[in-house]
Amino acid sequence: MNTGRALPGSFRDPSGRVYELDGRILRTVAAHFAADFDFVESTGLFQKLTACNWLVPFEKADTAILGGLANNFKYVLEVTPLRFISYPYEWSFPALKAAALLHLEIHLAALEYGVTLSDASAYNIQFRGPRPVFIDHLSFRRYRPGEIWAGHRQFCEQFLNPLLLRAFFGISHNGWYRGTQEGIKAQELSRLLKWRHRASWSVLTHVLLQSFFQRSVENNSVHLSKDKIPAAALPLPSFQRLLKKLHSWISKLRPADTAKTFWQDYAQTQSYSSAEAESKKRFVSDFVEKEKPKSIWDLGCNTGDYCIAALKGGAEYAVGFDYDQGALELAFARAHEKNLAFQSLFFDAANPSPNQGWNEQERSGLQARASSDAVLALAFIHHLAITRNIPLDQLVDWIMNLAPGGIIEFIPKSDPMVQSLLRHREDIFLDYTKEVFLNYVVRKARIVNTATVSSSGRLLVWWQNAQTPGAHNLKT
Amino acid sequence: MSRRPTLTTFFLVLVYTVSLPQEALAYLDPGSGSMMLQLLLGGVVGVLAILKLYWNTFAGLFRRKRRQEDSTPPFEVEK
């Protein structure tokens, strides 16, 4: 079966492209870039970075493997595929921060080997659980002493400024970032800054001065052409100092809105006693032990309790999605502390990431990446059905299209949480009943087991589809 | 021209030395603002390059003002 294709997100850097062939990920090294690649390989940098788990490992593959799909290349690198592809506009604050720090650490390590990075795109980083990993082997090339950091603008736009938006103003980066796709421009951020933000050498240089100089060039106060940049503009020690100072600054950034969110207090506010929470976790473990999903999604994962229960029950990889930034931060911290195969992402189920970017294909939408073996929707559907007015039948269909099996929790109107959602609203949700809900489920799947897990009547429904829905397995 | 050839010569030599251009190395647009910032952070060499860039701007403004005071070119009617 030969189902090879070039990945639509891989086209900007002419030094090579990424292809997918029968589930394998292959990266070509263009003929004109081969000398640079050979140099980097000869330094031993790739081995060092993969040994630290900072770079995805690769092996050189037979050049005939891609057939006619690609041409003008010298090498084909086979790269270990990742469990799940995610984008910077889906990452939580700690994840974006970890990615930024990794980028700087890799660049500093590379300079020790006489190598530099030709760009600083946040899309060159993916996650394995809570750990960021660099995926673009062609970003590395020989360092020419004194050359400027070509990726600095991109680093500021795609890593630094989105982190500052949250650190200075408590505004999460996800919406803005998804809109622009390429981060936040220094000129825009600089317009928001107050005096207390400006009183910092780091802000002065990376945001204000950069923005000021950019404006000078754009309104023709200054004419800057390539021949005006001196060859030895940025000596290596200055370059290293620049990277280290950025690293030190970013590692201290914290969200401005550090007060506990409602969802972080969930443990106290949820409608379960701890015995009820335990029985819910047991139901999830039973499901995982019986159905053996390798990867599992959790919609509304909160701080990751049920992802962790699924991993303990034998799942290999869990991706959790939530809307609450505070919960996502705790989820990330938990995964990081215990080194769990659990990745947590920002998402609004009523507005999930769409296909976007060049040709509306460069970055795939959430549903296009739905390739997990099971999906959990626990303490979830009432928020969409009631608060967001999503019709219950469409919501159930949408969940069940994401994976071949899973668990959906039905929270009845008698539950205190639903009652609080309805407190100031007219109850227009005539089909929001257990019987109607179960009818929607059995339209598409068979129910394997159910359990009532709270005194308010919350019902867990374990369902399994007859056939696997056709989900694309896209990795960019 | 200045009547202190030694200082001017020194300045010009330094500026021309540092004006040797960088090779175009990346597919990525580094951003003019970023390039200028790095010149500044790079030390004396870069600071001089920045001064030279802005010097042209100020010198240009000054020259334009002087020309206006001397005479205004005749208004040309387009045929």
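Letters A, B, ... are given to chains in the order of the sequence lines, protein chains preceding strands, and every chain is numbered from 1.
Taking all atoms of both residues into account, the shortest heavy-atom contact from A:His152 to B:Ser34 is ND1-OG, 2.8 Å. Contact detail for B:Leu28 and A:Ser118: the closest heavy-atom pair is CD2-O, 3.9 Å. Residues A:Ser238 and B:Gly42 approach most closely at OG-O, 3.9 Å, considering heavy atoms.
With a threshold of 4.5 angstrom between heavy atoms, A:Arg215 does not approach chain B through any atom at all. Residue A:Val222 touches chain B through both its backbone and its side chain, counting heavy-atom pairs closer than 4.5 Å.
Chain B forms more heavy-atom pairs under 4.5 Å with one residue of A:His223, A:Gln214, A:Glu157 than with any other, namely A:Gln214. Between chain B and the options A:Thr205, A:Leu209, A:Leu242, A:Asn220, heavy-atom pairs under 4.5 Å are most frequent for A:Thr205.
Annotation: side chain of A:Arg153 is not in contact with side chain of B:Pro30 (no heavy-atom distance under 4.5 Å). With a 4.5 Å cut-off on side-chain heavy atoms, B:Met35 and A:Val217 do not count as touching. The shortest distance between side-chain heavy atoms of A:Arg241 and B:Leu41 does not fall below 4.5 Å.
Ring geometry, A:Phe213 versus B:Tyr54: the interplanar angle falls from 30° to 60°, so the pair is classed tilted.
Atom CG of B:Leu53 and atom OG of A:Ser221 lie 11.5 Å apart (nearest 0.5 Å). Distance check: B:Leu40 CG to A:Leu234 CG gives 11.0 Å after rounding to the nearest 0.5 Å.
Checked by atom type and distance alone, the side chain of B:Gln38 never pairs as donor or acceptor with a backbone atom of A:Ala233 at under 3.5 Å.
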